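These notes concern the structure reproduced below.
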Amino acid sequence: GAAAEEVVEVTAVQKVLQKDLERNYPPTPKEVVKYFAEITKCFYNETYSDEELEQLALKIQELYDTELVENKSQEDYMNDLRSDIADMKSNNYTISGYVLSASVDVEEFTKDGDSCARLYCTFSIKQGTNGTMRSMEQFILRKDDDGHWKILGWDLVED
């Protein structure tokens, strides 16, 4: 039928970009980090136009606490992002997957009167055909005035 011809393959990048964070902000720290990880996978694994890269960057920044965003000008942020991506691609690294802390392992705490949360995400990173390395990151999130969990920062956890 005619309907079948309208099926358009949605790329991983487009799929991520379709998420409307204004209307549909991820409800839990875990969902926020999951969406962060999906965008990160797009950065390193997918092919996209420069315009799409800028759109992805704006999306991921919507997950960031204002304090994190204010650390850098948008131009510096984009330059750093482009150079990170270039490094990953030149070393033939891709993110083959990621695993988030179980919900029970999300630690919520209060700091300076703000609700915060700590959780872990372990990325599996492939280098060409050389097998897979694991990279564990600790994320700290803070609830904003709208009750949204925003990423305040993350750090590599050393073994």
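As the structure is a computational prediction, the values presented were derived from the model and not from experiment.
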**Study point:** Derivation of the side chain to side chain contact (heavy atoms under 4.5 Å, CB included) call for Ser135 and Leu156
**Key:** CA-CA 7 Å; Ser135 164; Leu156 192 59; 3.2 Å; yes

Closest heavy-atom pair and its distance - [X], [Y]:
X: Leu21; Y: Lys59; value: CD1-O, 3.8 Å
X: Val13; Y: Thr47; value: CG2-O, 4.4 Å
X: Leu53; Y: Ile85; value: CD1-CD1, 3.7 Å
X: Ile95; Y: Asn45; value: O-ND2, 2.7 Å
X: Ala12; Y: Cys42; value: O-SG, 3.7 Å

Under 4.0 Å between a Lys/Arg side-chain N and an Asp/Glu carboxylate O for [X] and [Y]?
X: Arg23; Y: Asp20; answer: yes
X: Arg82; Y: Asp50; answer: yes
X: Asp80; Y: Lys72; answer: yes

Check your understanding: So does Lys89 have more than 12 non-hydrogen atoms from other groups sitting under 6.0 Å from NZ?
Key ->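 Counting other residues, nucleotides and ligands, NZ of Lys89 exceeds 12 neighbours.
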
Just how far is it from atom [atom1] of [X] to atom [atom2] of [Y], taken to the nearest 0.5 Å?
X: Lys34; Y: Ile39; atom1: NZ; atom2: CD1; answer: 13.0 Å
X: Asp84; Y: Thr40; atom1: CG; atom2: OG1; answer: 10.5 Å
X: Leu152; Y: Trp149; atom1: CG; atom2: CH2; answer: 11.0 Å
X: Thr11; Y: Gln18; atom1: OG1; atom2: CD; answer: 8.5 Å
X: Leu63; Y: Tyr25; atom1: CG; atom2: OH; answer: 4.5 Å

Check for me, please, whether [X] and [Y] land in the same ILVMFWY cluster - side-chain distances under 4.5 Å, paths through other members count.
X: Val99; Y: Val157; value: no
X: Ile60; Y: Leu100; value: yes
X: Tyr120; Y: Val106; value: no
X: Leu119; Y: Met136; value: no

Check your understanding: side chain to side chain contact (heavy atoms under 4.5 Å, CB included) between Lys30 and Val32: does it pass, once the steps are laid out?
Key -> CA-CA 5 Å; Lys30 205 173 159 175; Val32 172; over 6 Å; no

Answer whether the closest heavy-atom distance between the side chains of [X] and [Y] falls below 4.5 Å.
X: Ile151; Y: Tyr64; value: yes
X: Leu68; Y: Lys150; value: no
X: Leu58; Y: Gln61; value: yes
X: Glu108; Y: Leu141; value: no
X: Gln14; Y: Glu52; value: yes
X: Gln127; Y: Met133; value: no
X: Glu75; Y: Tyr77; value: no

Practice item. Applying salt bridge (charged side-chain N to carboxylate O under 4.0 Å, His left out), name anything that partners Arg118, two or more places apart in sequence or on another chain. Key: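 For Arg118 the salt bridge (charged side-chain N to carboxylate O under 4.0 Å, His left out) partners, ignoring immediate neighbours, are Glu107.
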
Review point. Glu67: what forms a salt bridge (charged side-chain N to carboxylate O under 4.0 Å, His left out) with it, not counting sequence neighbours?
Key: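 Residues passing salt bridge (charged side-chain N to carboxylate O under 4.0 Å, His left out) with Glu67: Arg142.
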
Review point. Is the Lys NZ or Arg CZ of Lys19 less than 6.0 Å from the centre of Tyr35's six-membered ring, within 45° of the axis?
Key: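 Yes, Lys19 lies over the aromatic ring of Tyr35.
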
Exercise for review: Could you walk me through whether Ile125 and Thr132 pass side chain to side chain contact (heavy atoms under 4.5 Å, CB included), step by step?
Suggested key: CA-CA 5 Å; Ile125 299 170; Thr132 303; 5.8 Å; no

Exercise for review: Not counting sequence neighbours, which residues clear side chain to side chain contact (heavy atoms under 4.5 Å, CB included) with Glu51? List them please.
Suggested key: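 Listed in chain order: Ser49, Gln55.
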
**Study point:** His148 and Lys143: CA distance, side-chain angles, deciding distance, side chain to side chain contact (heavy atoms under 4.5 Å, CB included) verdict
**Key:** CA-CA 5 Å; His148 292 156; Lys143 219 178 222 186; over 6 Å; no

For [Y], does its backbone N or O pair with a side-chain atom of [X] as donor and acceptor, under 3.5 Å?
X: Thr110; Y: Gly113; answer: no
X: Asn91; Y: Asp87; answer: yes
X: Tyr48; Y: Phe43; answer: yes

Check your understanding: Do the two ring centres, one from Phe36 and one from Trp154, sit under 6.0 Å apart?
Key ->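 Here the rings of Trp154 and Phe36 have centres that are less than 6.0 Å from each other.
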
Exercise for review: Step by step, work out the side chain to side chain donor-acceptor pair (under 3.5 Å) result for Arg134 and Ser124.
Suggested key: CA-CA 5 Å; Arg134 300 214 177 315; Ser124 302; 3.0 Å; yes

Exercise for review: Look at the rings of Phe123 and Tyr98 and say which category their plane angle falls in: under 30° parallel, 30 to 60° tilted, over 60° perpendicular.
Suggested key: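 It falls in the tilted class, 30° to 60°.
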
